[in-house]
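Letters A, B, ... mirror the listed sequences (proteins, then strands); counts begin at 1.
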There are 2 protein chains.
Amino acid sequence: MALRHAVLAALLDGEYSGYQLAKAFDIGVANFWHALPQQLYAELAKLEKEGLVAGRQVVQETRPNKRLFQVTDAGRAELEKFAAAVSKPSFIRDDLLVKVQVADRIGTASVIEQLQERASAAEAKIELLGKLLRQLRGDADEEEFLRRGERIGPYLTCLRGLAFEQEHRDWCRRIAAVLRERQSTHAEG
Amino acid sequence: MALRHAVLAALLDGEYSGYQLAKAFDIGVANFWHALPQQLYAELAKLEKEGLVAGRQVVQETRPNKRLFQVTDAGRAELEKFAAAVSKPSFIRDDLLVKVQVADRIGTASVIEQLQERASAAEAKIELLGKLLRQLRGDADEEEFLRRGERIGPYLTCLRGLAFEQEHRDWCRRIAAVLRERQSTHAEG
DNA sequence: GCACCATACTCAAGAAAATGACTAATCACA
DNA sequence: TGTGATTAGTCATTTTCTTGAGTATGGTGC
C-alpha cells in the first residue's frame, strides 16, 4: 500500500474532490508523491469501499456535480498504523542518472541539454516551494514557526522537497559543466 | 521502459550473470535504481529475446553453471536512443515523508524513531559511497579525475547518491529534533 | 457563433514493479 | 552429519503505475 496513504495524508487537511485532489497533488503533496487523476479517482473509490474515507455529493448549478471526500476515523486509524510500521529505505530512481552513468560511453550532447533543462525546472520548483513555505509559516520566522506552529507537517515535507531540488539543480549544473569541459578538451586534443 | 536501461547501463561495464548483476545493483547502480533478483532475471530474459544483450553459458564445476550477459550493438543503440529521448522529472516518493506530513496530527514517537534509523542508514551509505568514490578516482583528486579520467559516468552518479544521502541524513536529524522539542514542550505545557 | 479551455469524472488495457515460494548444488562449521 | 550460508536461478501472482480514450457541462475569447 502506498498511494493510499499519500491520499489519506492529503485529505487530512480538508475535504477535496478527486479533481481538486489531483490539483493539490501537484503542489504540496507532490514533493513526495506523484499521481495522475485516474489513479486518484481509483484510489478514492477503493478507500471509500473500505470505509477509510467518506464521500458526499455536492450539487452544483454552474459546474458539474462533485463528490467531496474526507478521512473517517477508520482512515485515521489506518494512517496511524501506517506511521508506526517500518518503511523501506528511499532511493532516487531517475532516468537522467542512468543517462549520466553512460554519458561518457555514448553521446554526451543530448545529456548535457537535458541536465540544463532539469536545472531550470529545479530552479522553478525551488521558487515555488520557497513561496509555499513563506505562505505556510505566515509572519513567523522558520525557527519560531517550527517550535509553535500548529500544523508543521506540510512545512517539514516541503523543506525536504526544497533541499532535494536545490541539490538536484546544483548537481545538474556541475555535471553539465564537467561534461562540457571534457567535450571541448576532447575536441581540441 | 525503465529497468531495462538501468540493466543495459550496468552491463556496459562488464559481463555479468543475473546473480552478479543483482549484487552489483546494490552498490553502484543502486544509487539510481533498485531491483530484486527476480526482476533482473526477467529483464535479462526479455533483453536477450530482443537481442539487446547476448548471454553465454559458463560451465562451472564447483558451482552451478551460470549465464554471463553482455550488451550487443543493438543494445548500445537502444541506450543511445534512450539517452537522447526526454525523461520525466524525478521526484522523491518516500513513505517516511508521508509519515512526517501527518506526524503532528497523529503519533510522533514512532516517526521520530524512524527518522533516527533513517539518519543512521544514510550515514552508513555515505561512508560506503565515500569509499566507492575514492576507489573509482584512484590516486587523482576529484577535479583532476573528472577532467581526465576515462570512465567518469559511475563517479558522477555516485556523487548524486552521496549528496542525496547527506541531504537525507541532515533532514532526518533536523526533523527528529524539531519533533522531539515539540513533544517535550507539549508535555510540559 | 464557434473553438477552446476548465470542471468533473469514467472505462479499459497494458506495462512495470513488487512479493512469495521454490529448486538444486556446493561449501564451511561445529 | 546436518545446519546454514552462498551461488545460481525459476515460476506464479498480485499490486501499482501508466497510457489513451471518452462523456458531459459551462464559461471565455475572438
Rounded to whole angstrom units, what separation is found between the NE2 atom of A:His5 and the P atom of D:dT15? 14 Å
Establish, with yes or no, whether the OP1 or OP2 oxygen of C:dT10 is under 4.0 angstrom from a side-chain nitrogen or oxygen of A:Tyr41. no
Taking atom types as modelled, is there a side-chain donor on A:Gln114 or A:Ser110 under 3.5 Å from an acceptor on the other? yes
So does B:Arg63 reach the base of D:dT6 with its side chain, donor to acceptor, closer than 3.5 Å? yes
Is B:Lys88 salt-bridged to A:Asp95, going by a charged N under 4.0 Å from an acidic O? no
Whole Å only: how far is the CD atom of A:Glu43 from the C1' atom of D:dT18? 15 Å
Provide, to the nearest angstrom, the distance between the CG atom belonging to B:Leu44 and the P atom belonging to D:dG9. 9 Å
Output the rounded distance in Å from CD (A:Gln20) to C1' (C:dC9). 13 Å
From CZ of B:Arg93 over to C1' of C:dA17, roughly how many Å is that when rounded to an integer? 11 Å
Side-chain N or O of A:Lys66 less than 4.0 angstrom from OP1 or OP2 on D:dT25? no
Looking at C:dA25, I'd like to know if its phosphate oxygens (OP1 or OP2) sit under 4.0 Å from a side-chain N or O belonging to B:Thr62. no
Please determine whether a side-chain nitrogen or oxygen atom of A:Lys23 lies at a distance below 4.0 Å from atom OP1 or OP2 of C:dT7. yes
Base D:dG9 to side chain B:Gln38, donor-acceptor N/O within 3.5 Å cut-off: no
More than 12 heavy atoms of other groups within 6.0 Å of B:Glu150 CD: no
Let me know the distance between CD of A:Gln57 and P of C:dA8, rounded to the nearest Å. 12 Å
Answer yes when A:Glu143 and A:Arg147 have at least one side-chain N-carboxylate O distance shorter than 4.0 Å, and no when they do not. yes
Atom CD of A:Gln60 and atom C1' of C:dC9 are separated, to the nearest Å, by 13 Å
Could you state the atom-to-atom distance from CD of A:Gln39 to C1' of C:dA16 in whole Å? 12 Å
Ignoring backbone atoms, test whether B:Tyr19 places a side-chain nitrogen or oxygen under 4.0 Å from the OP1 or OP2 oxygen of D:dT7. yes
Taking the basic N atoms (NZ, or NE/NH1/NH2) and the acidic carboxylate oxygens, is any pair closer than 4.0 Å for A:Arg151 and A:Asp13? yes
Whether A:Ser17 contacts C:dC9 is assessed here as follows: a side-chain N or O lying under 4.0 Å from the phosphate OP1 or OP2. Is that the case? yes
